[in-house]
Amino acid sequence: MTSAGGFLMYNISKKNFLIFTSISILAIHALIFLNTFKINYPYGADNSDVFKSVFYFITENNFTLFANKGLHLTIFPKIVAYPNLLLNSFDVGNLFYLQWIVISLTVYVLYLILKQTDKNLFWTLIPISAFLYSPLTTSGYWSATILAWLFPMLGITMIVYFLNRKPIRISSFSLSAFFAIFATFSIMIGVISWITGLIMLTPKLLGKKFAEKKWFFLWIPIIISVGFLYLHLTSSSSEPISYELLFSYTSFSFITHFLASSFRLKFEFLMVFVGTASLVLSGLYVFYFTKKNLIKQYFPWFVLLSTALTGAVMAALGRMQYVDTHMGNDPYYTTISQLFQIGLIVLSGKLIYEFRKPPKTFTKKFVVCLLILLLISQMILLIPSYYSGWERGYHYFEEKNNFFSCYSLSPQINCAYDENFRYEIANSATSDSLRIANYLLEHNLSIFIEKEFNEKNTRSLEKFNDYFDNGR
């Protein structure tokens, strides 16, 4: 008996070691990717969405942290970036590492949810991590703005974890409400986190104990209060919402693209097919788990499916009128859409165990083969995403280097004719970007303090001084 127990413990330890090693490889790969393409200067939406507000708050005490961009409120990315920019010479390079930390925390929270539901499914953390650590999500583009998309992902998983604890206590409920607020005031799509909480609490409403029902009724007034606050803070902005397109093929195409946005497929119909297949599978899983009375135990994973689908519909309402430029497969959408694929992974893993139970029939073996093929297909479809992520990383790194070289004495491009920098020149009198760049240069901050960036400038100054001295 002792020998058998020792052998079992050895197998479990070996299995856990393989799982940990696989996840670690994916995590290290993601860290190498971010470290390779990080640049210590805000670019694109980084400047307008996060950096500018924090910069003026630090340098001029101008409080605009609650300022909105359209219907988006990026309050928490600004709050998180503030101490780093204040204490680290306006260094935004560190925020690339924060992206990795947020993703890793999400992996850990999903591990905790698996621990709550089924410890036999810990192995699914490997394909889950393959999604979460995909370089496509960040593409090495933004330093701060991508946090606005990563925070809701973390917030949603936190809500699922805390509201799945039994029994729910005031501490768990309060933390869930906090993370819903955290997601909401990071970016607009974060409001779906309240739907996550609502769905998680619905079974409590259907229960017999009033002590459990109260949490559902407490969640409602918080939603209403936060909703009024959100509408007040964004009252000066309005964006078109395409209700009339919701039940059209355009909407269906956008939603299926959104759900498949973790993948990079060459043809549009393939994206629609993968998204449609994901929806069909989710419907089949709901039917089977309900029939076998398993849905209660694995309810958190169905909540992730519902949350991601809600996010897809919400994004479609706001963006499908721009279908020519926003097809629903933008890389930053993967922070929400991959929750759908993650839900499918875990539920598929459970079904593999279910259909392997005796008596073993040909039908059961066939279904197990199909489910394994499904998981393998997801991983195969991620390969182009990893390739695309690195390709985009190199492209944006070169683009940003060229752009920032215009702030040096040795520009790599003709800045006056560059389509990105030309806007800064044309609006030099009112450009916040140039004001910020001049301040950082004058005070030797951000990228201007870096030795590598200044080496070329130093050499250029030395050459200028030589020419000047010789000419004199």
Side-chain angles (χ1 to χ4, degrees), residues 73 76 102-103 105-114 116-117 128 131-132 148-166 168-169 171-206 212-227 230 255 258-259 278-279 282 285-286 289 295-317 333-347:
L73 288 165
F76 278 99
V102 173
I103 294 169
L105 281 173
T106 305
V107 173
Y108 180 69
V109 176
L110 289 169
Y111 157 76
L112 294 177
I113 298 172
L114 278 171
Q116 290 175 332
T117 52
I128 286 172
F131 274 95
L132 290 172
W149 290 91
L150 291 171
F151 285 171
M153 177 183 72
L154 176 61
I156 288 165
T157 54
M158 285 287 195
I159 292 166
V160 171
Y161 167 69
F162 283 117
L163 294 184
N164 195 49
R165 297 175 73 175
K166 296 177 180 60
I168 297 177
R169 303 185 186 279
S171 57
S172 300
F173 182 84
S174 300
L175 285 168
S176 298
F178 167 77
F179 280 108
I181 293 170
F182 175 72
T184 301
F185 293 104
S186 291
I187 202 165
M188 186 182 180
I189 203 169
V191 301
I192 63 174
S193 58
W194 297 101
I195 305 298
T196 304
L198 207 61
I199 299 172
M200 283 296 298
L201 292 170
T202 299
K204 312 295 181 186
L205 181 65
L206 302 176
E212 292 183 347
K213 291 182 179 182
K214 68 181 180 184
W215 302 117
F216 181 91
F217 294 109
L218 284 172
W219 193 258
I220 301 296
I222 301 176
I223 293 178
I224 295 171
S225 301
V226 173
Y230 197 99
I255 290 170
F258 185 100
L259 296 177
S278 299
L279 286 170
S282 66
Y285 288 178
V286 169
F289 278 76
I295 201 162
K296 184 178 181 181
Q297 181 182 352
Y298 296 90
F299 191 66
W301 306 103
F302 286 101
V303 173
L304 291 184
L305 294 178
S306 304
T307 301
L309 182 57
T310 304
V313 173
M314 182 178 175
L317 286 172
Y333 286 152
T334 63
T335 54
I336 303 300
S337 69
Q338 61 196 0
L339 297 177
F340 199 94
Q341 301 299 327
I342 288 169
L344 291 179
I345 287 170
V346 175
L347 296 173

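Computed from a prediction, not measured in an experiment: that's the story for all the values here.
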Open item on the list: Using side-chain heavy atoms (C-beta onward) and a distance below 4.5 Å, is Ile192 in contact with Ile336?
Closed with: yes
Task: Of all pairs that satisfy side chain to side chain donor-acceptor pair (under 3.5 Å), the ones with a partner from residues 183-194, not counting sequence neighbours - done: Thr184-Trp194
Open item on the list: If I compare all heavy atoms of Leu163 with all of Lys204, which pair ends up nearest, and what's the gap?
Closed with: O-CE, 4.4 Å
TODO: Would you give the length of the straight line joining atom CZ of Phe179 to atom CZ of Phe76, rounded to the nearest 0.5 angstrom?
DONE: 10.0 Å
Task: Rounded distance (nearest 0.5 Å) linking atom CG of Leu218 with atom CD1 of Ile223 - done: 11.5 Å
TODO: Name the orientation class of the two ring planes belonging to Phe258 and Tyr333 (parallel below 30°, tilted from 30 to 60°, perpendicular beyond 60°).
DONE: tilted
Open item on the list: Is the shortest side-chain heavy-atom distance between Leu110 and Val346 below 4.5 Å?
Closed with: no
Task: side-chain contact (heavy atoms from CB on, under 4.5 Å) involving Arg165 - partner list, sequence neighbours excluded - done: Gln116, Tyr161, Phe162, Ser172
Open item on the list: Around atom CZ of Phe178, are there more than 12 heavy atoms from other residues, nucleotides or ligands closer than 6.0 Å?
Closed with: yes
Open item on the list: To the closest 0.5 Å, what do you measure between CZ (Phe302) and CG (Leu344)?
Closed with: 9.5 Å
TODO: Check for a donor-acceptor pair, side chain of Gln341 on one end and backbone N or O of Ile128 on the other, with a separation under 3.5 Å.
DONE: no
Task: Results of side-chain hydrogen bond (donor to acceptor under 3.5 Å, both in side chains) for Gln338 - residues two or more places apart only - done: none
Open item on the list: To check you understand the geometry: which heavy-atom pair defines the closest contact between Asn164 and Lys166, and what is its length?
Closed with: O-NZ, 3.4 Å
Task: Heavy-atom side-chain proximity of Pro152 to Ile187 below 4.5 angstrom - done: yes
Task: Ring centroid separation Phe289 to Phe299 under 6.0 Å - done: no
Open item on the list: For a 4.5 angstrom cut-off between non-hydrogen side-chain atoms, does Ile255 reach Leu309?
Closed with: yes
Task: Non-hydrogen side-chain atoms of Ile189 and Met314 separated by less than 4.5 Å - done: yes
- [ ] Determine, step by step, whether Leu304 and Ile156 satisfy the side chain to side chain contact (heavy atoms under 4.5 Å, CB included) criterion, reporting the C-alpha distance in whole Å, the side-chain angles of both residues, the deciding distance to 0.1 Å, and the verdict.
- [x] CA-CA 8 Å; Leu304 291 184; Ile156 288 165; 4.1 Å; yes
TODO: With rounding to the nearest 0.5 Å, note down the distance linking OG in Ser176 to CD1 in Ile181.
DONE: 11.0 Å
Task: Any Leu305 side-chain heavy atom under 4.5 Å of Val286 side chain - done: no
- [ ] Could you tell me which non-hydrogen atom of Arg169 sits nearest to which non-hydrogen atom of Trp215, and how far apart they are?
- [x] C-CH2, 3.9 Å
Open item on the list: So, taking the atom named CG in Leu201 and the one named CD in Glu212, what distance separates them when rounded to the nearest 0.5 Å?
Closed with: 10.5 Å
TODO: Mind checking side-chain hydrogen bond (donor to acceptor under 3.5 Å, both in side chains) for Thr334 and listing every partner two or more places apart, or none if nothing turns up?
DONE: Thr137
Open item on the list: Minimum heavy-atom separation for Leu198 and Trp219, please, with both atom names.
Closed with: N-NE1, 3.5 Å
- [ ] With side chain to side chain contact (heavy atoms under 4.5 Å, CB included) as the test, would you mind laying out the steps for Trp301 and Ile345 before giving the verdict?
- [x] CA-CA 9 Å; Trp301 306 103; Ile345 287 170; over 6 Å; no
Task: Leu205 side chain reached by Phe217 side chain, heavy atoms, under 4.5 Å - done: yes
Open item on the list: Give me the atom names and distance for the closest heavy-atom approach of Leu154 to Val109.
Closed with: CD1-CG2, 4.4 Å
Open item on the list: I'd like to check Leu339 versus Thr157 (side-chain heavy atoms, cut-off strictly below 4.5 Å). Are they in contact?
Closed with: yes
TODO: If the plane angle is over 60° it's perpendicular, under 30° parallel, otherwise tilted; pick one for Phe151 and Phe182.
DONE: tilted
Open item on the list: Please find the pair of heavy atoms, one from Leu132 and one from Val107, that lie closest to each other, and give the distance.
Closed with: CD1-CG2, 3.4 Å
Task: Pairs flagged by side chain to side chain donor-acceptor pair (under 3.5 Å) wherever residues 302-313 is involved - sequence neighbours left out - done: Thr196-Thr307
Open item on the list: Going by side-chain hydrogen bond (donor to acceptor under 3.5 Å, both in side chains), name the residues that satisfy it together with Tyr111, two or more places apart in sequence or in a different chain.
Closed with: none
